[in-house]
Amino acid sequence: MTDEQLWKAALGQLELKVSQGNFLTWFKSTKIQHRQGGKVVIETPSAFTFEWLSKKYKMPILETLQGLDASIINIDFTISSATARQRVLKKNFRVMAHKVAKKAPTEIIGEGNKPAVAPIADSQAQRLAKTLNPKYVFDTYVVGPSNEMAHAACRAVASKPGEAYNPLFIYGGVGLGKTHLLQAVGNEILKNTPSARVLYASSEKFINEFVQSIKERRTQAFKQYYREVDVLIIDDVQFMAGKGKTQEELFHTFNALHSQNIQVILSSDRSPRAIPTLEERLRSRLSGGMIADIKQPDYETRLAIISSKAEKLGSTIDDESLAYIAKNIQKNVRELEGALNRVIAHCELSNSKASLEYTKKILEGILEQSNQKTIDSKSVLEVVSLYYNMSLDDLCGKSRKKEIVRPRQIAMYLLRKENRVSFPTIGDYFGGRDHTTAMHACEKIEKLLEHDEELLQELNFIRERLYA
Ligand code: ADP
Ligand code: MG
């Protein structure tokens, strides 16, 4: 048997052993790189498949191969060295094997003129740990092409906080798994180093506590709380847009932590570049480390996600129903989970077994809603102006400033695409502009969308809000 034949036969058997989603996600584009003695080396397309296969599927693969060729005694995995990016990741995964260096609490506490009191640090670690939801761990996070980069970066940071990438910035639309990933990093670090002080806070919490501390004249305590940590995680920083004072505080907090190599992790619903009114120096600080995005999951990943959720819930929902849900609920993972839960709940309540027919009936309402919902032109203008943090007057007005022209063109594009408004009418909405201006705007955005992924995400996000 040639290597190729052997692997083809093995895949044929493995396909029956794992779910379709997992099979497509993990085994696609793998091959036998070479064989040496009794050892087979399997080449994987990326660092994340490498990691996943070696961790989760080593035994099943080895057993399958042994069943086909008894002379095989061991297997190993390697990453295809095709691209530079993969090489970088590969390096990180090697590094990941090392345990997180345990930082003595006194090392940090003892700095400056504060007393070094280890027991306080310990109880603080426990208190801070409560800011994390223990259900958000790497084990339950399904990885696919849409989130592999973000996941790999988070893994690397979890294994070497402060060293791999600092800061780490994760962005992506609503319900795509940012909070889950961020907290998984925190939980993983705590698992490796229980005394680590991991502080997770939403931006809203950060803003509120900051404002409160000013009112009550205890900004010093606020600063201490956010700076005496080993890892700081701030979720949804887009909410800081326009909040000058809070941004300044975050900037100083960031500098204080970064200069001591303390890990900072941030998330946002869009790239730092696309957060208007984010102060330039903060923007450049946040962009200084690693930036990774999460996109909408493809069908295979969606299927893998709900299959694993269904399994965890002990549900016996049939494969056809799962496939139907994954095919039809595409927007984000939160809705996907919602649909699954709905089907499971209906089945339990009515004491019936899920079937494709039944699932279709249950989801009918939801699907119709999301497909048929129409939006009016006014909401398009409102959502766009809200998203880019500007007034409706500015959006529709005469200014030719770049920060305003871009959102205006996006609004025109959406009016055309989503509402099928005629070009002359669009011109009217924007202070009686000529219809050619509207046409030009739509062409421009269309052209940009061909290669600008960030813009695509911005648009998806605006659409999400429009139809929410
Ligand atoms: P975001 O913070 O981006 O809005 P969340 O992290 O809150 O999204 O995710 C929404 C829900 O979807 C959570 O229950 C989360 O566990 C789940 N989820 C998202 N992505 C994944 C994934 N890749 N694998 C498993 N569950 C996921
Ligand atoms: Mg979130």
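Counting starts at 1 for both ligands and their atoms, following the listed order.
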Decide, yes or no, whether a salt bridge links Lys360 with Glu364 under the criterion of side-chain N to carboxylate O below 4.0 Å. no
Looking at Glu337 and Lys309, is there a salt bridge between them, counting it only when a charged N and a carboxylate O are closer than 4.0 Å?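 Salt bridge between Lys309 and Glu337, a charged N being under 4.0 Å from a carboxylate O: yes.
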[Y] ring centre to [X] NZ or CZ under 6.0 Å, with the angle to the axis within 45°?
X	Y	answer
Arg281	Phe251	yes
Arg218	Tyr225	no
Lys327	Tyr299	yes

Carefully, step by step, assess Asp235 and Ser267 under the rule side-chain hydrogen bond (donor to acceptor under 3.5 Å, both in side chains). CA-CA 5 Å; Asp235 209 350; Ser267 87; 2.4 Å; yes
The Mg ion (ligand 2) reached by Ser267 (N, O or S, under 2.8 Å):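 Short answer: no, not a single N, O or S atom is under the cut-off.
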Contact table ligand 1 N or O to protein N or O, d under 3.5 Å:
unit_1, atom_1, unit_2, atom_2, d
ligand 1, 2 (O), Thr179, N, 2.9
ligand 1, 2 (O), Thr179, OG1, 2.8
ligand 1, 3 (O), Leu176, N, 3.3
ligand 1, 3 (O), Gly177, N, 3.1
ligand 1, 3 (O), Lys178, N, 2.8
ligand 1, 3 (O), Lys178, NZ, 2.8
ligand 1, 4 (O), Gly175, N, 2.7
ligand 1, 4 (O), Arg334, NH2, 3.0
ligand 1, 6 (O), Lys178, N, 3.4
ligand 1, 6 (O), Thr179, N, 3.2
ligand 1, 6 (O), His180, N, 2.8
ligand 1, 7 (O), Arg334, NH2, 2.9
ligand 1, 8 (O), Gly177, N, 3.0
ligand 1, 14 (O), Glu337, OE1, 3.0
ligand 1, 14 (O), Glu337, OE2, 3.2
ligand 1, 16 (O), His180, ND1, 2.6
ligand 1, 23 (N), Val142, O, 2.8
ligand 1, 23 (N), Asn147, ND2, 3.4
ligand 1, 24 (N), Val142, N, 2.9
ligand 1, 26 (N), Lys309, NZ, 3.1

